[in-house]
Colleague: 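Please see the structure below; I have some questions.
We name chains A, B, ... by the order of the sequence lines, and we start the count at 1 in each one.
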Protein chains: 2
Amino acid sequence: MTRSIWPPRGVRLVAKRLLSFARPVHGVNVSAVTSPLVWEHVQPAAARRLLTGAVDAFAERGFQATTTRDIASRAGMSPAALYVHYPSKERLLFEISLYGHNAALEILRSADTGPTPADRLRSLVSAFTAWHAQHHTIARVVQYELAALSPEHLAEVATIRRAISTQIEQVLADGVHDGSFAVADLPGTTLAVLSLSIDVARWYTPHRGDPESLGKLYADLAHRMVQT
Amino acid sequence: MTRSIWPPRGVRLVAKRLLSFARPVHGVNVSAVTSPLVWEHVQPAAARRLLTGAVDAFAERGFQATTTRDIASRAGMSPAALYVHYPSKERLLFEISLYGHNAALEILRSADTGPTPADRLRSLVSAFTAWHAQHHTIARVVQYELAALSPEHLAEVATIRRAISTQIEQVLADGVHDGSFAVADLPGTTLAVLSLSIDVARWYTPHRGDPESLGKLYADLAHRMVQT
DNA sequence: GTCTATAAGGAGATAGAC
DNA sequence: GTCTATCTCCTTATAGAC
C-alpha cells in the first residue's frame with residue numbers, strides 16, 4: 001500500500017504533547033480543544049494549524065458536520081488556502097487517523113515490558129488507556145471517524161488496528177500458557193480489554209481525573225479480569 | 001421537560017424484537033441493517049418505515065452524513081413525504097434516541113434481581129451487554145449521535161443516562177457495603193463497567209457471536225473486576 | 001398522505017489575481 | 001501561499017396539485 005503522492009513536502013507527523021479542554025455532558029464528551037504541541041513536526045506551520053483545527057473540529061462535531069470553512073477559519077485562513085496544503089477534507093482526516101493509529105501502536109509496543117505476563121498486561125493497559133485520555137481529541141477521530149475514510153485509506157488503517165489487537169492478544173496468550181491467566185474466551189477477552197481503553201475516548205474530559213491515575217485503575221481492572 | 005406537540009397521532013414506541021446484519025471491518029461495525037420488528041407499535045406504517053430507515057442510515061453513516069433523501073428512499077417514499085410524519089431530521093433522531101435510552105434503562109431495571117450484589121451485577125451486565133449487541137444499530141445511534149441532538153432533546157436524554165449510570169453504581173455500592181466487592185474507585189469502576197457494555201455497539205456484528213454468550217462473558221469479566 | 005417541483009442556502013473544491 | 005470570487009452540486013425543507 002503506497003502512501004501516494006501526498007504530502008509533497010516531507011511532512012512528518014511526530015508525537016510531542018497535547019493539552020485539552022472539554023465541555024462535559026453526562027457520560028459524553030461533546031466538545032474539545034487541542035493544543036498544537038503534538039503536531040510540532042508537521043511543516044509548514046500553516047499545514048499544522050489546519051491539522052490541529054481539523055482534529056478539534058472532527059472530535060467536536062464529527063467529520064461530516066465539519067466544513068472546510070470551519071477548519072480554515074480555526075487556522076486563521078480562507079477556505080481556499082486549505083487546498084494548498086491538503087488535496088481534500090478526507091486527506092486531512094486520513095493524516096490524523098494514520099498518525100493517531102501509529103502513535104497508539106507505538107505506545108503499546110514500547111509499553112510491552114516486564115518480567116511476567118501480568119506486568120506486561122498492566123503496563124500495556126495503563127499506557128493505552130492513558131493515551132486515550134491524554135489525547136482524547138485525536139483518539140475520538142481515530143476511533144469514531146473510520147467510516148468517513150476512503151476504502152483505500154480505511155484498509156491502510158485497518159492493518160494498524162490488527163497489529164494493536166495482536167499486541168494485547170499475545171500477552172493474554174502468554175499468560176494463559178504460563179498459567180498466570182485464566183481466560184475462557186481469548187478473542188472475546190482481548191476485545192474486552194481493548195474496548196475498555198478505547199471507550200475512554202468517548203467520555204473522557206480532564207475533569208474526570210488525570211490520565212495516569214485512570215491508566216492505573218484500568219490496568220488493575222484488566223488484570224483482575226484475567227487473573228487466576 | 002414537555003414532549004412538545006410531536007408526535008401528533010399518539011405514536012408509541014414499544015420494544016419487540018430486532019434482527020440485523022452488518023459488514024465487518026477490523027474491530028469496527030461500519031454498516032448495519034435493522035429489521036422493523038422492534039418498532040411494531042410506531043403508527044402509521046409509513047412513519048415506522050421512515051424510522052427504521054433512519055435507524056439504519058444513522059447507524060451506518062452517522063446523522064450528519066445521512067440525507068433526508070436517503071431516509072425517504074429506504075422507506076420507499078419521496079423526500080417530501082418525510083415531513084408529513086416528522087417535522088425535521090433531528091426529530092427523527094430524537095425519537096430513536098429517546099426510545100433507545102428508555103429501552104436500555106428498562107432492560108437494566110428489570111434485570112436488577114438476585115439475592116446478592118454479585119448476582120445482581122452479573123444479571124445487569126449480562127442484560128445490558130446483550131441489549132447493545134442485539135440492538136447494535138439502535139445502540140450506535142443512542143451512544144454516538146448525542147452531539148446531533150438539539151440542546152433541549154440532549155438534556156432530556158441526559159436524564160435517562162444518569163439513571164442508567166445510577167443503576168450500576170448502586171449495585172457496586174451495595175456489594176462494597178456487604179463486603180462482597182472490593183472497589184477502590186466507585187465512580188471510576190461504575191464508568192468502566194458501563195463502558196465495557198456500551199462499546200459493544202461500536203464493534204458488534206452478528207458474526208462475532210450471539211448476544212447472550214457475549215452477555216455471559218461480560219458478566220463474568222465485570223464480576224471479576226470487583227470481587228474480593 | 002404522497003407526489004413533483006422548487007425555494008433558499010450551504011457544501012467541497014477551483015480560478016486566477018497578487 | 002493566501003486571497004476574493006465563484007462554480008457546481010447537494011442539502012433541508014416547503015408549496016401546492018392530486
Colleague: List the residues meeting ring pair (Phe, Tyr, Trp, His ring centres under 6.0 Å) with B:Tyr218, not counting sequence neighbours, and say none if there are none.
Modeller: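 Expected list: none.
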Colleague: Please enumerate all residues that pass side chain to side chain contact (heavy atoms under 4.5 Å, CB included) together with B:Ser126, with sequence neighbours excluded.
Modeller: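 B:Ser126: side chain to side chain contact (heavy atoms under 4.5 Å, CB included) contacts with B:Lys216, B:Ala219.
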Colleague: Rounding to a whole Å, what distance do you find between A:Tyr86:OH and D:dT2:P?
Modeller: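 Value for this atom pair: 12 Å.
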Colleague: Provide, to the nearest angstrom, the distance between the CZ atom belonging to B:Arg91 and the P atom belonging to D:dT12.
Modeller: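 Interatomic distance, CZ of B:Arg91 to P of D:dT12: 18 Å.
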Colleague: Tell me every residue that passes side chain to side chain contact (heavy atoms under 4.5 Å, CB included) with A:Thr159, counting only those two or more places apart in sequence or in another chain.
Modeller: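 For A:Thr159 the side chain to side chain contact (heavy atoms under 4.5 Å, CB included) partners, ignoring immediate neighbours, are A:Arg162.
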Colleague: Which whole-number value in Å describes the distance from A:Asp70 CG to C:dG10 P?
Modeller: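 Rounded to whole Å, this separation is 14 Å.
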Colleague: Which part of the nucleic acid does B:Ser78 contact within heavy-atom distance under 4.0 Å: base, sugar-phosphate only, or nothing?
Modeller: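 It contacts base atoms.
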Colleague: Distance check needed: C:dG12 C1' versus A:Leu92 CG, whole Å only.
Modeller: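 It works out to 13 Å between those atoms.
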Colleague: Which whole-number value in Å describes the distance from B:Leu50 CG to C:dG1 C1'?
Modeller: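 Atom CG in B:Leu50 sits about 11 Å away from atom C1' in C:dG1.
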Colleague: To the nearest angstrom, how far is B:Ile71 atom CD1 from D:dT11 atom C1'?
Modeller: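 Rounded to the whole Å, the gap is 12 Å.
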Colleague: Could you check whether any side-chain heavy atom of B:Leu146 comes within less than 4.5 Å of a side-chain heavy atom of B:His101, counting everything from C-beta outward?
Modeller: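 Touching, per the 4.5 Å side-chain cut-off.
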Colleague: With sequence neighbours left out, which residue pairs that include part of residues 78-89 of chain A fulfil the salt bridge (charged side-chain N to carboxylate O under 4.0 Å, His left out) condition?
Modeller: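 Residue pairs with at least one partner in residues 78-89 of chain A: there are none.
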Colleague: Can you list the residues that meet the side chain to side chain contact (heavy atoms under 4.5 Å, CB included) rule with B:Ala54, with sequence neighbours excluded?
Modeller: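 Partners of B:Ala54 under the side chain to side chain contact (heavy atoms under 4.5 Å, CB included) test: B:Phe58, B:Ile71, B:Leu92, B:Ile96.
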Colleague: What protein N or O atoms touch nucleotides 13-18 of chain D N or O atoms at under 3.5 angstrom, if any, and at what distances?
Modeller:
from   : atom 1 : to      : atom 2 : distance (Å)
D:dA13 : OP2    : B:Tyr83 : OH     : 3.0
D:dA13 : OP2    : B:Lys89 : N      : 3.2

